[in-house]
Engineer: 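Sharing a structure with you now.
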Amino acid sequence: MFAEPRAISTLIRIYGLWMREVIQSRVGAIQGSAAFRVLGAWVLASLVLHLAWELAQLPFYTVWREASPAVIAWAVVHCTAGDGLIALGTYLAAACAARSIDWPWAAPGRGLAALWASGLAWTVFSEWRHVFKLGSWAYVETMPTVAGIGVAPLLQWVVVPGLALWCLREWDPRPSRSAPG
């Protein structure tokens with residue numbers, strides 16, 4: 001039904017090269033190291049918020065009831081790190097959709113819509129794959145679901161990016177844009 005790992009790896013490499021080209025050609029208002037400041041701030045805000053969410057949603061997963069504290073800690077660290085990578089990917093997808101790496105200020109509505117769409121799409125795929133295909137994790141009976149996918153992870157990719165966007169806009173890590181004179 002799904003492609004082999006080698007085909008997926010090739011697609012990821014092609015996607016990465018394409019994303020690099022798109023980002024380099026569409027930096028626009030933010031240049032050079034300033035883009036990395038914005039991306040770094042986004043990832044930092046996202047990691048903090050995703051860590052909080054991962055801790056809060058633990059009771060909805062069987063690992064909370066069945067695993068040792070060390071396994072639970074590893075799961076939280078592992079999932080939070082993955083969330084950080086996904087947050088970076090969704091930010092870049094939003095930058096492509098908004099045609100600006102500076103989308104939180106230049107086109108926040110369009111960027112957030114693309115960010116939500118890509119984050120939710122990844123979440124649906126990832127949860128389906130890990131819960132039903134691989135058995136990597138499981139929901140407890142109290143986890144509300146939509147079409148078999150847990151509501152907690154779905155809400156995570158709506159609430160956390162929205163909060164991260166608010167934090168980024170409040171913090172505004174871009175270089176000063178003050179007028180000369």
Side-chain angles (χ1 to χ4, degrees), residues 8-58 72-127 129-130 150 152-181:
I8 292 170
S9 173
T10 302
L11 288 173
I12 290 170
R13 272 190 254 124
I14 291 168
Y15 177 74
L17 292 171
W18 175 76
M19 286 295 291
R20 185 177 68 186
E21 189 65 34
V22 168
I23 291 164
Q24 287 174 351
S25 69
R26 297 189 177 174
V27 168
I30 295 182
Q31 297 296 321
S33 65
F36 289 107
R37 286 175 52 186
V38 170
L39 289 172
W42 172 260
V43 171
L44 179 62
S46 294
L47 282 171
V48 169
L49 294 166
H50 281 294
L51 174 61
W53 193 281
E54 290 294 342
L55 292 169
Q57 75 177 355
L58 266 174
I72 293 170
W74 167 249
V76 169
V77 169
H78 172 82
C79 291
T80 302
D83 292 336
L85 290 173
I86 297 164
L88 179 59
T90 58
Y91 185 97
L92 296 174
C96 289
R99 295 194 163 113
S100 173
I101 199 84
D102 201 17
W103 68 264
W105 300 275
R110 189 172 351 144
L112 188 58
L115 190 121
W116 277 337
S118 59
L120 286 169
W122 177 259
T123 299
V124 167
F125 168 73
S126 178
E127 290 291 313
R129 182 170 183 258
H130 287 281
L154 292 172
L155 284 175
Q156 178 179 3
W157 284 94
V158 173
V159 173
V160 170
L163 288 173
L165 176 61
W166 179 81
C167 290
L168 190 67
R169 287 174 53 93
E170 286 295 310
W171 184 12
D172 198 351
R174 300 174 299 170
S176 175
R177 298 209 189 293
S178 59

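Side chains included, hydrogens not; waters and symmetry mates left out as well; all remaining heavy atoms used. The residues of the chain are indexed from 1 along the displayed sequence.
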Engineer: Out of curiosity, Glu54 CD to Ile72 CD1, how far, rounded to the nearest 0.5 Å?
Structural biologist: 13.0 Å

Engineer: Can you give me the closest heavy-atom contact between Ala164 and Ser46, atom names plus distance?
Structural biologist: CB-OG, 3.8 Å

Engineer: What heavy-atom pair brings Gln57 and Pro153 nearest, and what distance separates the two atoms?
Structural biologist: OE1-N, 3.6 Å

Engineer: What are the two closest heavy atoms between Pro108 and Arg169, and how far apart are they?
Structural biologist: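 The pair with the smallest heavy-atom distance is CG-NH1, 3.7 Å.
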
Engineer: To the nearest 0.5 angstrom, please state how far the CG atom of Leu155 sits from the CH2 atom of Trp53.
Structural biologist: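 If we round to the nearest 0.5 Å, Leu155:CG and Trp53:CH2 are 5.0 Å apart.
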
Engineer: How long is the gap from CH2 on Trp166 to CG on Leu49, to the nearest 0.5 Å?
Structural biologist: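 Atom-to-atom, Trp166:CH2 and Leu49:CG are 10.0 Å apart.
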
Engineer: Might you point out which heavy atoms bring Ile86 and Trp157 nearest each other, and give the distance in Å?
Structural biologist: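 That closest heavy-atom pairing would be CG2-CH2, 3.4 Å.
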
Engineer: Between Thr80 and Leu47, which heavy-atom pair has the shortest distance, and what is it?
Structural biologist: O-CD2, 3.4 Å

Engineer: Could you tell me if the side chain of Leu154 sits less than 4.5 Å from the side chain of Val124, heavy atoms only?
Structural biologist: yes

Engineer: Taking the side chain as every heavy atom from C-beta outward, state whether Leu39 and Leu92 have any pair of such atoms under 4.5 Å apart.
Structural biologist: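 Yes, at least one pair of side-chain atoms sits under 4.5 Å.
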
Engineer: More than 12 heavy atoms of other residues, nucleotides or ligands under 6.0 Å from NE2 of His130: yes or no?
Structural biologist: yes

Engineer: Do Tyr91 side-chain atoms and Ile101 backbone N/O form a donor-acceptor pair below 3.5 Å?
Structural biologist: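 Present.
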
Engineer: Report yes or no: does Arg174 contribute a side-chain atom to a donor-acceptor pair with the main-chain N or O of Val38 at less than 3.5 Å?
Structural biologist: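 Not a single qualifying donor-acceptor pair exists.
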
Engineer: Do the non-hydrogen side-chain atoms of Gln156 and Thr123 ever get within less than 4.5 Å of each other?
Structural biologist: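 No, too far: nothing below the 4.5 Å cut-off.
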
Engineer: In terms of the angle between their ring planes, are Trp42 and Trp103 parallel, tilted or perpendicular, with boundaries placed at 30° and 60°?
Structural biologist: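 Perpendicular: the ring planes of Trp42 and Trp103 meet at over 60°.
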
Engineer: Quick one: closest heavy-atom pair of Arg37 and Pro173, and the distance?
Structural biologist: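 Between these two residues, the closest heavy atoms are NH2-O, 2.7 Å.
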
Engineer: In a table with atom names and distances, give each donor-acceptor pair under 3.5 Å that connects a side chain of residues 115-122 to protein atoms at least two apart or in another chain.
Structural biologist:
unit_1, atom_1, unit_2, atom_2, d
Trp116, NE1, Val158, O, 2.9
Ser118, OG, Ala114, O, 3.0
Ser118, OG, Leu115, O, 3.2

